[in-house]
Amino acid sequence: MVANTTNPPFSKILIAGAGPSGLLLALLLAQHDIPSLVLESWPGLDTRLRATQYGVPATRIFRRAGLLNEIRAASIPKFPTICWRRVADGEKLIEINMSLVEEEEDRMTVLQLGEIIQIMYRHCMDPEKGKGLIDVRFNHRVTGTGQDGDKAWVDVEIGKEGEEKIRERIEADYVVGCDGAGSAVRKSLYGREWPGQTFDCRFMVQNVFYDGFAKHGWEGGNYMIDPDHWGLIARRGHGGLWRVTYGDPVPGLTDEEYLARRPWHFKAMLPGHPDPDQYRIEHTNIYNIHNRCVDSFKVGRILLAADAAHACNPMGGYGCMTACLDVGGLADCFIGYHQNRAGPEILETYAKVRRDIFLKYVDARSIKNLNRVSKADPWTVADTDPFFKIVKELNKDQEEMKRFLMKVSSIEYDFTQHYHERPAGAFATNGVVNGTSNGISNGVAKHSEDEGAKAEVALHMEAV
């Protein structure tokens with residue numbers, strides 16, 4: 001299809017946040033010659049411990065952005081299984097054989113988010129990949145936003161910590177908040193409160209080197225079921241690197257007190273029940289976990305995406321995966337609008353559809369995932385949980401399991417269907433293969449056909 005030659009209706013997107021969502025959006029826009037300015041409050045990239053695994057839907061977006069080959073090259077070569085274990089005796093209750101899809105291009109991706117961000121940034125700065133259209137500015141802290149009928153803007157403080165700040169107003173056609181759970185853009189629209197809940201625990205994340213994992217035959221990802229020691233233990237990198245995450249159920253302690261309790265958790269959760277001198281910890285992150293969502297992803301010319309718009313607990317890996325789908329969808333909407341293939345109302349469609357999908361599916365399923373490891377009876381859950389029953393049935397047929405693992409997700413959405421004319425496959429960034437929708441539904445309402453336990457299994461497998 002020949003591109004529409006009418007002058008584009010906008011020329012500049014301002015993105016708050018040079019994290020994975022902001023950089024990914026900038027890359028997807030640059031592919032279609034849409035310039036962006038990315039403002040980041042930090043002096044450099046944020047490489048703290050966060051996500052490490054990304055389901056098939058996110059992998060599809062990485063591929064569309066031209067990132068996947070480099071991510072694969074940096075990742076561990078194989079991630080053979082996902083399983084659920086009882087902490088009390090370490091018994092494996094059920095397992096998913098991920099090696100069934102190890103030859104699939106869009107299989108699950110495993111790499112620390114801090115490394116992925118660095119890959120994204122290199123692509124943004126590359127004169128061929130970023131096309132010179134992406135301007136990333138560090139030490140630019142957004143302090144407020146505003147808009148009128150023709151433009152939007154952000155007020156920023158510019159300067160390094162300890163230096164006198166320069167205050168400036170920067171204008172654009174649209175502002176997109178991709179600045180994370182503490183989003184300054186969101187706060188400028190809604191204040192400090194947003195609907196949802198904070199869970200009564202502290203989430204402990206650490207990189208761990210321990211030869212007991214190999215000695216006891218552990219591999220892949222291991223969800224740990226226990227009311228006191230729930231979490232996820234998973235291989236995450238070369239040289240014996242593992243990520244150990246758990247929720248400490250005692251609220252209100254200091255970080256030092258939570259760290260003092262860590263040997264107790266590790267002795268219960270790790271195979272061989274090691275003492276502190278038997279493992280090495282590198283890097284720790286401690287934070288609260290939430291499930292929240294704003295009232296709208298769009299207020300005039302200001303939009304929100306990813307963690308700036310919603311947050312969910314990390315059990316199941318939905319956070320970064322949903323963020324990628326938000327960004328891929330928003331990119332498709334901007335691309336269609338910029339090329340005069342769609343009107344400005346497509347941005348309203350983005351805001352409604354992605355919010356509806358989060359509330360109807362991601363929010364509910366992520367809470368079920370959390371409850372499965374933290375509140376279920378470890379001795380009966382394998383027989384009573386509908387999720388596990390469906391996994392057992394799928395395990396009886398490897399071809400069916402393979403199809404299930406690679407299926408188009410019920411939380412993906414093809415926004416190019418709202419273009420005046422459907423584009424060729426090269427224009428779509430969100431789950432479209434060879435120019436066809438490949439089974440993605442035409443609306444959130446159609447997802448209701450997938451209700452029930454099997455839908456829950458599908459959603460979880462997309463994220464594990």
note = For D397 and E399 the tightest heavy-atom approach is OD1-N, 3.1 Å

query = Is the cationic atom of R372 (NZ for Lys, CZ for Arg) positioned less than 6.0 Å from the six-membered ring centroid of F387 and within 45 degrees of its normal?
reply = yes

inquiry  = Give me the atom names and distance for the closest heavy-atom approach of C83 to K92.
reply    = CB-CG, 3.7 Å

key: Backbone N/O of L241 and side chain of N207: donor-acceptor pair under 3.5 Å   = no

request  = Could you tell me whether a side-chain N or O of S75 sits under 3.5 Å from a main-chain N or O of I71, the two making a donor and an acceptor?
outcome  = no

remark   = Correct closest heavy-atom pair for L93 and V381 would be CD1-CG1, 3.9 Å

Residue list, salt bridge (charged side-chain N to carboxylate O under 4.0 Å, His left out) with R107, at least two apart or on another chain = none

Neighbour count above 12 (heavy atom, 6.0 Å) for E163 CD = yes

task = Verify whether one side chain among R64 and Q31 offers a donor that lies under 3.5 Å from an acceptor in the other.
result = no

query = Using 4.0 Å as the upper bound for N to carboxylate O, is an ion pair formed by D179 and R141?
reply = no

query = Does a sphere of radius 6.0 Å around CG in D275 hold more than 12 heavy atoms from other residues, nucleotides or ligands, not counting ones at 6.0 Å or beyond?
reply = yes

task = For the residue pair S409 and R60, confirm or rule out a side-chain donor-acceptor distance under 3.5 Å.
result = no

Minimum-distance pair of heavy atoms, taken over all atoms of V38 and A26 = CG2-CB, 4.0 Å

request  = Using the six-membered ring wherever Trp is involved, compare the ring planes of F266 and Y246 and label them parallel, tilted or perpendicular (cut-offs 30° and 60°).
outcome  = perpendicular

message = Is the distance from the ring center of Y210 to that of W218 below 6.0 Å?
response = no

inquiry  = Taking the ring centre of each residue, are H310 and W194 less than 6.0 Å apart?
reply    = no

query = Can you list the steps and then say if R292 with T198 is a side-chain hydrogen bond (donor to acceptor under 3.5 Å, both in side chains)?
reply = CA-CA 8 Å; R292 298 184 180 277; T198 298; 2.8 Å; yes

ask   = Under 6.0 Å between ring centres, would you say that holds for F138 and Y121?
value = yes

Any residue meeting ring pair (Phe, Tyr, Trp, His ring centres under 6.0 Å) with F199, in chain and number order, not counting sequence neighbours = none

ask   = Within a radius of less than 6.0 Å around CD of E104, do more than 12 heavy atoms belonging to other residues, nucleotides or ligands occur?
value = yes

ask   = Considering all heavy atoms of both residues, which atom of K298 and which atom of A351 are nearest to each other, and what is their separation?
value = CB-CB, 3.7 Å

inquiry  = Under a 3.5 Å distance rule, please check whether K402 uses its side chain to pair with a backbone N or O of V101 as donor and acceptor.
reply    = no

key: Contacts of type salt bridge (charged side-chain N to carboxylate O under 4.0 Å, His left out), residue D295, not counting sequence neighbours   = none

message = Side chains of D326 and S21 only: does a donor on one sit below 3.5 Å from an acceptor on the other?
response = no

inquiry  = A cation-pi test, strictly: NZ or CZ of R355 under 6.0 Å from the centre of the six-membered ring of F297 and no more than 45 degrees from its axis. Yes or no?
reply    = no

query = If every non-hydrogen atom of V56 is compared with every non-hydrogen atom of M406, which pair is closest and at what distance?
reply = CG2-SD, 4.0 Å

